[in-house]
Protein chains: 2
Amino acid sequence: MDRKKQVLEAASRSFALFGYKATTMDQVAKIANVGKGTIYTFFDTKEQLFDEIVNGVISEMKSIILREVDHDRKFFDNLFRVLDSFLEFRSEHELLIKLSQELRDVGTPQSQEAMAQVENVILGYIEKEIERAIARGELRDCDPKIVSFLMVKMYIALTSEWNKNHEPLSKEQIKEHIRLFLENGLAANA
Amino acid sequence: MDRKKQVLEAASRSFALFGYKATTMDQVAKIANVGKGTIYTFFDTKEQLFDEIVNGVISEMKSIILREVDHDRKFFDNLFRVLDSFLEFRSEHELLIKLSQELRDVGTPQSQEAMAQVENVILGYIEKEIERAIARGELRDCDPKIVSFLMVKMYIALTSEWNKNHEPLSKEQIKEHIRLFLENGLAANA
DNA sequence: GATTGACCGAAAAACAATTCCAGTCATAAG
DNA sequence: CTTATGACTGGAATTGTTTTTCGGTCAATC
């Protein structure tokens, strides 16, 4: 039985369920059915264990992007395909949702760090794709840094900030509004 | 000498400079050159005094909107005209900037309340204007609630969130990007 | 050699002592 | 008599102290 895997599994669940601060190493050991010392044969510190898990999530996201993005297709085609996959896979977002909540409520530095890392990875990908799309004449000439920043902010606004005062939006509504702002623009006409 | 005006003036400056929590009534009294008791002849509580000032700011904003919006003009015309005035008048935003900072750092409920009030007023105006513009066929058919929400989020993202990790954007950059997302859309073409 | 859980110390939570400040009111000034 | 004042009060916030919690170690066990 792969003990390391057991530990990772247990820690993953615990972090996603209780956040960084509220997960104790004793708890992880118990869930994983291992002595606490065993954890420390695989991971030097709680923080390293956490990083490993966060990196796992980031890798999953990267692989989604890699899988869905095809440079022979249109920029918006790729964008909405990735968006779809992200909106679909709540499971791996579970951790991120908990962390952003923890960040709001307690301001745990580790959760802040983790969120920033994830955001930067996504931001980097979008930026590159925007550059490529501009070069290919698919997008207007614009500042990729600012535009990718705005795209991520829009995504966050629609998927989580909106929910603070309203009923959550459906995946279709989210996609439609991103399309409205990014692709078409608000102005009527053609 | 109008004592009430003196108090409002002093409190205004103090709230804008130190935030809600860090202004004391003794301080306000001192700045206003009044005894502390005098303040309580005009205002029942510190919170009421604060509300009065916040309402003043909201009124100023409303009057800017009233002054700049002309329903004979195009929606975007009016939008950018108001935007211009808002970006220009940092002074009255001073208080709001301080309050959002206080909200971030300490989470003072009064500053949260104030920010929410301001946001709702703006949101309401934009929503109405969007409805009108849709009815006139100037804008695509869309959900005014969601779209006004996104517009405000975009404004906040560009004017304050961006500054956390980057050099502040110029007024022109901010307007250009709002135009890019709202009016034109990102897609190249014509 | 691998695994464990009792153990350690540092860091956080809980609690107590102290300071601070919104709001009052007896007194003073006009 | 009316209006203004600032010393005073009590409860809330802050600071200082004790207790508990938990990340990490390591001698004992398998």
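Computed from a predicted model, the values in this text were never measured in an experiment. Letters A, B, ... mirror the listed sequences (proteins, then strands); counts begin at 1.
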Inset, instruction - Mind telling me whether B/F86 and B/Y155 have parallel, tilted or perpendicular rings, with 30° and 60° as the class edges? - result: perpendicular
Inset, instruction - Before accepting this row, confirm whether a basic side-chain N of the pair A/E88/A/K171 lies closer than 4.0 Å to the acidic partner's carboxylate O. - result: yes
Legend entry - A/K128 with A/E131: basic N within carboxylate O range, under 4.0 Å: no
Within a strict 4.5 Å, meaning less than it, do heavy atoms of the [X] and [Y] side chains meet?
X: A/L87; Y: A/K175; value: yes
X: B/V28; Y: B/F43; value: no
X: B/V54; Y: B/F15; value: no
X: A/L79; Y: A/I126; value: no
X: B/Y125; Y: B/M61; value: no

Inset, instruction - Check DNA chain C against residues 104-112 of chain B and give the residues with a non-hydrogen atom under 4.0 Å, in numerical order. - result: none
Legend entry - Spacing of A/Y40 atom OH relative to C/dA2 atom C1', expressed in whole Å: 18 Å
Legend entry - Cation-aromatic face contact B/K46/B/Y20, 6.0 Å, 45 degrees: yes
Inset, instruction - Please determine if B/R179 forms a cation-pi arrangement with B/F76, meaning its NZ or CZ atom is less than 6.0 Å from the six-membered ring centre and no more than 45° off the ring axis. - result: no
Inset, instruction - Could you identify which residues of residues 41-52 of chain A place a heavy atom less than 4.0 Å from some atom of DNA chain D, listed by residue number, or say none? - result: A/T45, A/K46
Inset, instruction - Mind running a 4.0 Å heavy-atom check of residues 20-39 of chain B against DNA chain D and sending the residues that fall below it, in number order? - result: B/K21, B/V34, B/G35, B/K36, B/G37, B/T38
